[in-house]
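Below: one structure, written as structure tokens.
Note that ligands are numbered from 1 as they come in the structure, with each ligand's atoms numbered from 1 the same way. Only this structure's heavy atoms are used, side chains among them; waters, hydrogens and symmetry mates stay out.
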Amino acid sequence: MASHIVGYPRMGPKRELKFALESFWDGKSSAEDLQKVAADLRSSIWKQMANAGIKYIPSNTFSYYDQVLDTTAMLGAVPTRYGWTGGEIGFDTYFSMARGNASLPAMEMTKWFDTNYHFIVPELGPDTKFSYSSHKAVSEYKEAKALGINTVPVLIGPVSYLLLSKPAKGVEKSFALLSLLGKVLAVYKEVIAELKAAGASWIQFDEPTLVMDLDSHQLQAFTEAYSELESSFSGLNVLIETYFADVPAEAYKTIIALKGICGFGFDLVRGTKTLDLIKSKGFPSGKFLFAGVVDGRNIWANDLASSLSTLESLESVVGKDKLVVSTSCSLMHTAVDLVNETKLDDEIKSWLAFAAQKIVEVNALARALAGHKDQAFFQSNASAQASRKSSPRVTNQEVQKAAAGLKGSDHRRATNVSARLDAQQKKLNLPVLPTTTIGSFPQTMDVRRVRREYKAKKISEEEYVNAMKAEISKVVKLQEELDIDVLVHGEPERNDMVEYFGEQLSGFAFTVNGWVQSYGSRCVKPPIIFGDVSRPKAMTVFWSSMAQSMTSRPMKGMLTGPVTILNWSFVRNDQPRYETCYQIALAIKTEVEDLEAAGIQVIQIDEAALREGLPLHKSEQAFYLDWAVHSFRITNCGVKDTTQIHTHMCYSHFNDIIHSIIDMDADVITIENSRSDEKLLSVFREGVKYGAGIGPGVYDIHSPRIPSTEEIADRINKMLAVLETNILWVNPDCGLKTRKYPEVKPALTNMVSAAKILRKQLASAK
Ligand SMILES: Nc1nc2c(c(=O)[nH]1)N[C@@H](CNc1ccc(C(=O)N[C@@H](CCC(=O)N[C@@H](CCC(=O)N[C@@H](CCC(=O)O)C(=O)O)C(=O)O)C(=O)O)cc1)CN2
Ligand SMILES: [Zn+2]
């Protein structure tokens with residue numbers, strides 16, 4: 001019985017890669033320094049898996065930035081504007097595509113399925129030339145081999161690569177990306193041949209798009225692609241790996257019929273219906289089933305007894321020697337190693353398994369199936385499962401009762417939105433096209449240092465509060481100078497918009513090193529929701545009141561909404577996600593009430609991750625949207641008409657969920673927009689009625705580029721063409737925390753100037 005790992009975190013147990021990358025980007029270290037850190041990380045991961053007894057160890061799951069970008073480099077599909085002229089792609093071209101350079105913006109980045117990981121979107125067109133231009137997969141394979149470890153090189157499959165691409169600028173939107181399949185396959189054949197020559201006996205193709213609702217034409221592409229590659233596969237074992245959801249029945253039928261494929265990997269944690277499919281539709285004889293029973297998306301210790309019984313039930317379907325124990329997806333979506341957690345107590349620790357521990361679980365399951373069950377390991381796992389089920393720390397009767405009491409009511413504000421906006425305007429007295437920002441201001445080195453020193457108890461609470469007060473005052477003054485209408489306090493006291501709230505809520509635990517890559521060198525440390533959630537005391541009132549006292553302009557209270565806290569945390573798996581979400585909603589509701597009572601007139605409740613949590617299968621989306629939108633409304637349905645509720649969302653791919661956004665019934669929504677303006681505005685052009693306030697972002701905050709007054713004015717004009725003047729707000733795309741002041745000041749100056757130019761135009765047009 002064998003064991004397999006789909007992929008492994010590459011940032012390192014203490015984010016070694018992050019620091020090496022950022023130091024290289026800042027010109028503080030050389031390319032060789034960076035390569036050395038990377039090689040050390042890879043070798044230690046491979047050895048760790050080999051020592052644990054894993055049979056199929058992945059390689060090429062390392063990346064300097066992103067695995068999709070690595071594939072673009074492998075295929076030589078560099079957009080022409082980056083000026084690459086051929087040859088092996090080096091750091092210059094690679095990081096220019098990833099991050100932009102002095103003269104060019106970066107390529108677009110978007111969410112990897114329903115995770116908080118972002119990939120670089122390939123830009124392709126009929127003229128894209130493909131050539132084998134990065135031999136990374138082969139060199140990593142050889143590197144491991146030199147260490148005595150025969151790995152399974154992992155490639156993003158050709159069909160998923162194309163389905164995740166977008167037509168380049170200037171190419172018809174309707175361009176059939178799949179028409180490039182033949183050209184792409186020609187490069188894959190070269191890669192396969194070289195891997196074979198280097199000694200590879202297995203290759204893994206990640207084809208996660210197979211879990212999406214694909215049409216027959218898209219499914220046909222899989223048949224075409226893998227038939228075309230079949231002759232290259234002779235002498236090789238090929239695994240097609242899927243993850244993140246159920247594989248729909250049609251897709252299952254399509255792939256198990258493929259010839260030349262030796263094994264199929266399925267996510268059996270999020271894909272429980274796939275398990276039924278395997279049992280009911282059968283599994284091709286003689287092929288390997290890579291059964292993903294260990295959760296790669298979460299930090300809970302596996303319920304080994306339950307996994308073992310799942311695996312045993314599969315043995316009779318696929319045959320004892322053809323069943324491989326695996327992870328549900330790459331472990332890059334979970335934290336790295338529990339060993340480095342010094343602040344978690346032993347009880348909670350016994351409930352957890354990070355990537356390093358999950359490897360051991362996979363192997364223990366494989367050995368148990370082979371008749372070598374480690375009784376002591378299984379026993380201690382069983383007692384940990386039992387302690388988690390019965391621990392009084394998990395249950396809070398009062399919270400359970402309050403959450404259960406929510407049923408049956410849909411929690412809506414009593415007055416309709418236009419009447420509320422009128423009532424609010426009487427108090428706020430804002431100009432047309434009011435200006436605001438999304439919340440955070442630059443997190444300077446100083447701000448981070450003060451927070452770090454306070455956490456390490458190197459400075460007193462008083463010193464900390466004074467430093468934060470000085471920072472907030474600086475941010476308030478700056479906004480007044482810029483003449484912004486609705487102010488923010490800048491969020492200097494927050495490490496992260498989710499972790500910050502997690503740290504103050506009951507039912508949450510947090511890690512010291514539980515980092516997960518979000519994009520490039522940026523990581524997040526998702527809090528762990530282990531029990532019923534409640535709010536012991538006010539979380540933001542102190543800071544918001546302090547900030548409001550510094551200005552006569554309205555100061556936005558700033559909260560993270562329940563759906564976003566849920567989606568960006570490690571969530572308990574012993575109750576449905578919506579139940580946890582309702583509990584968080586009740587906790588945020590009390591905070592909203594406290595802010596209102598403290599005299600805060602505008603409260604923003606961010607739901608940045610609402611879109612991201614949308615289930616991958618259309619059939620499950622309505623249910624999710626229903627409880628997610630309901631959770632948001634619970635937080636603010638009790639406020640006065642005169643209290644203005646804002647919300648904010650990142651990522652503008654929500655034309656398909658616009659009715660749910662309207663149903664959130666916020667007074668004002670600010671939305672990321674500038675990287676895809678036509679897309680968002682088209683929804684309104686197509687006649688969707690929208691009566692609440694709306695601020696589509698007028699400039700991209702992900703880039704250091706400073707937008708001119710003219711281009712911002714131009715953007716606002718485009719918005720005015722489709723939206724009523726009296727509902728439009730002017731704001732950036734998202735928070736400013738990753739930017740620097742020399743970028744933020746001129747950008748906001750230009751934003752306010754643009755708003756003023758348009759106000760004049762509107763006034764003279766009357
Ligand atoms: N949870 C979440 N998901 C999100 C976003 C978000 O804001 N939050 N935004 C979108 C984009 N994703 C992002 C993800 C991470 C970061 C980001 O800036 N991360 C920081 C870490 C943020 C953090 O928690 N920082 C802590 C701890 C910093 C730290 O490690 N300090 C070191 C020293 C190094 C230093 O201070 O720089 C130490 O204490 O030893 C703090 O500032 O308090 C990073 O990787 O650098 C930004 C955007 C989508 N998903
Ligand atoms: Zn945002």
Does the residue [X] have a heavy-atom contact with ligand 1, meaning some pair of atoms that are separated by less than 4.0 Å?
X	answer
Lys525	no
Arg449	no
Arg494	no

Item to complete: Heavy atoms only: give me the nearest Ala666-Thr647 pair and the separation to one decimal.
Response: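 The answer is CB-CG2, 3.9 Å.
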Practice prompt. Look at atom 2 (C) of ligand 1 and find which of Asp606, Thr115, Asp496 reaches it with the closest heavy atom.
Written response: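 Considering heavy atoms of Asp606, Thr115, Asp496, the nearest to atom 2 (C) of ligand 1 sits in Asp496.
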Worksheet entry | Best match, Ile565, Asn495, Asn116: closest heavy atom to atom 22 (C) of ligand 1 |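 Minimum heavy-atom distance to atom 22 (C) of ligand 1 goes to Asn495.
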Worksheet entry | Pairwise side-chain contact, Pro105 with Arg705, heavy-atom cut-off 4.5 Å (strictly under) |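 They are not in side-chain contact.
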Fill in: Residues that Val37 engages under side chain to side chain contact (heavy atoms under 4.5 Å, CB included), provided they are two or more places apart
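Val37: side chain to side chain contact (heavy atoms under 4.5 Å, CB included) contacts with Glu16, Ala20, Leu41.
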Discussion item. Please enumerate all residues that pass side chain to side chain contact (heavy atoms under 4.5 Å, CB included) together with Pro704, with sequence neighbours excluded.
Written reply: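 Side chain to side chain contact (heavy atoms under 4.5 Å, CB included) list for Pro704, sorted by chain: Arg739, Glu743.
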So, [X] versus [Y], ring centres under 6.0 angstrom or not?
X	Y	result
Phe508	Phe501	no
His702	Tyr519	no
Tyr578	His630	no

Discussion item. I need the nearest protein heavy-atom contact for atom 44 (C) of ligand 1: residue, atom name and distance, please.
Written reply: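 That would be Lys18 NZ, 3.1 Å.
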Under 3.5 Å, sequence neighbours excluded: what are the donor-acceptor pairs made by side chains of residues 554-565?
{"residue": "Lys556", "atom": "NZ", "partner": "Thr436", "partner atom": "OG1", "Å": "3.0"}
{"residue": "Lys556", "atom": "NZ", "partner": "Thr437", "partner atom": "O", "Å": "2.7"}
{"residue": "Lys556", "atom": "NZ", "partner": "Gln604", "partner atom": "OE1", "Å": "2.8"}
{"residue": "Thr560", "atom": "OG1", "partner": "Met497", "partner atom": "O", "Å": "2.6"}
{"residue": "Thr564", "atom": "OG1", "partner": "Glu607", "partner atom": "OE1", "Å": "2.6"}
{"residue": "Thr564", "atom": "OG1", "partner": "Ala608", "partner atom": "N", "Å": "3.1"}
{"residue": "Thr564", "atom": "OG1", "partner": "Ala609", "partner atom": "N", "Å": "3.1"}

Worksheet item: Which residues and atoms, protein N, O or S only, are under 2.8 Å from the Zn ion (ligand 2)?
Response: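 Short answer, with waters excluded from the count: His648 NE2, Cys650 SG, Cys734 SG.
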